[in-house]
Amino acid sequence: MKELGELKHFLGLEVDRTKEGLFLCQQKYAKDLLQRFGMLECKPISAPMEANAKLCAHAGKDLQDGAMYRQLVGSLIYLTLTQPDISYAVGVVSRYMQQPTKPHLEVVRRTLRYVKNTINYGLFYKKGDEVKIIGYCDVDYAGDHDTRRSTTGYVFKIGSGVVSWCSKRQPTVSLSTTEAEYRAAAMAAQESTWLMQLMKDLYQFTNFSVPLYCDNQSAIRLAENPIFHARKKHLEVHYHFLREKVLQGELEMHQVKSEDQVADLFTKGLSTTRFQKLREQLNMKSWC
């Protein structure tokens with residue numbers, strides 16, 4: 001073993017330590033990615049996906065080179081390590097790896113144009129901020145055009161920066177927005193439990209309830225109320241994990257205005273103004 005000093009580069013990840021805090025980015029990786037696929041001189045744009053864009057599995061002409069599409073999407077998945085703002089767009093195009101079409105490739109190219117615009121961006125963790133976990137969860141109800149499944153999005157912050165995020169299509173179809181939001185909150189609760197255990201392993205203070213912000217009042221009431229109505233009996237038992245955590249005081253569900261819901265970034269395409277506003281709340285910054 002060798003002592004190589006402070007970490008600066010690791011598998012495409014760049015680390016910069018300053019008096020203000022810690023900055024993580026993948027600037028060289030992003031530049032190499034754009035150059036590899038001939039997009040280094042492309043025109044940059046301000047959002048990775050059009051607002052409320054919907055993709056279909058069989059719309060458009062099939063691509064002749066599906067391997068190139070899969071390489072592109074796989075490379076973008078790795079870029080989400082320091083650019084969570086592209087997680088939703090990358091998650092959507094990754095659903096069509098098996099049989100990609102031209103419209104799917106156009107969305108990937110649009111994402112690359114956004115990467116060109118934010119090539120110097122990364123995650124900043126400010127020194128001295130309180131080490132406390134805060135979570136946001138949201139859902140795009142029946143947003144997948146092919147299966148009508150909902151898309152779960154959650155994000156967790158420790159101090160000033162985000163440490164965990166997810167944009168994932170739910171495994172089954174939800175029958176109501178309340179059910180979809182409840183499923184999303186249950187997934188976030190599982191991640192919250194893991195993060196709290198990680199904090200304990202690192203000997204950090206964990207004697208607090210994790211606030212989880214949700215913009216659906218019905219899902220919050222369902223998590224807090226031990227009495228279930230007949231119309232909620234169909235919910236799978238393991239989703240009641242959320243209610244158990246709330247009743248034990250390990251998790252606190254809070255109402256948040258839809259316009260301040262950071263997890264919205266991980267569930268749907270947004271307008272440029274709203275997208276940039278939520279991106280700022282992730283504490284993503286340009287380092288140049």
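A quick note: this is a predicted structure, and the numbers were derived from the prediction, not measured.
For the pair Asn117/Arg113, no side-chain contact is recorded, criterion being any heavy-atom separation below 4.5 Å from C-beta on. Between Thr101 and His58 the shortest side-chain heavy-atom distance does not fall below 4.5 Å. Inter-residue side-chain proximity for Met196 and Ile133 is flagged as met; some heavy-atom pair is nearer than 4.5 Å. Between Arg17 and Lys8 the shortest side-chain heavy-atom distance does not fall below 4.5 Å. Within the 4.5 Å cutoff, the side chain of Ser209 has heavy atoms near those of the Glu252 side chain.
A salt bridge is absent between Asp140 and Arg149; no separation between the charged side-chain nitrogens and carboxylate oxygens falls under 4.0 Å. Lys268 has a carboxylate O that lies under 4.0 Å from a charged side-chain N of Asp264, or vice versa, which qualifies the two as a salt bridge. With respect to Asp144 and Arg95, a salt bridge is recorded, a charged nitrogen being found less than 4.0 Å from a carboxylate O. For the pair Asp32 and Arg36, the salt-bridge criterion is not met [side-chain N within less than 4.0 Å of a carboxylate O].
With values rounded to the nearest 0.5 angstrom, Arg279 atom CZ is found 12.0 Å from Leu270 atom CG. Leu76 contributes atom CG, which lies 8.5 Å from atom OG1 of Thr80 (distance to the nearest 0.5 angstrom). In this structure, NZ on Lys132 lies 14.5 Å from CD on Gln204, to the nearest 0.5 angstrom. Here Ile134 contributes atom CD1 and His254 contributes atom NE2; the two are 9.5 Å apart, rounded to the nearest 0.5 Å.
Relative ring orientation between Tyr78 and Tyr29 is described as perpendicular, the plane-to-plane angle rising above 60° on a 0-90° scale split at 30° and 60°. In this pair, Phe23 and Phe124 present their aromatic rings tilted. The plane angle is within the 30 to 60° band.
Closest of all the heavy-atom pairs between Tyr154 and Ala263 is CA-CB, 4.2 Å. Considering every non-hydrogen atom in both Cys214 and Ile220, the closest pair reads O-CD1, 3.8 Å.
No hydrogens or angles considered: nothing links the side chains of Gln261 and Asp138 as a donor-acceptor pair under 3.5 Å.
Residue Lys102 qualifies as open at atom NZ: its count of foreign heavy atoms under 6.0 Å is 12 or below. Applying the 6.0 Å contact sphere to CD of Gln98 captures no more than 12 heavy atoms from other residues, nucleotides or ligands. Within a 6.0 Å sphere centred on CZ of Phe205, other residues, nucleotides and ligands contribute more than 12 heavy atoms.
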Working for side-chain hydrogen bond (donor to acceptor under 3.5 Å, both in side chains), residues Arg183 and Thr172: CA-CA 10 Å; Arg183 291 172 186 263; Thr172 57; 2.9 Å; yes
Residues Thr118, Gln83; criterion side-chain hydrogen bond (donor to acceptor under 3.5 Å, both in side chains); working and verdict: CA-CA 9 Å; Thr118 57; Gln83 287 202 237; 3.1 Å; yes
Evaluation steps, side-chain hydrogen bond (donor to acceptor under 3.5 Å, both in side chains), between Asp260 and Tyr136: CA-CA 10 Å; Asp260 297 325; Tyr136 296 83; over 6 Å; no
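The ring of Tyr114 has its center closer than 6.0 angstrom to the ring center of Phe275.
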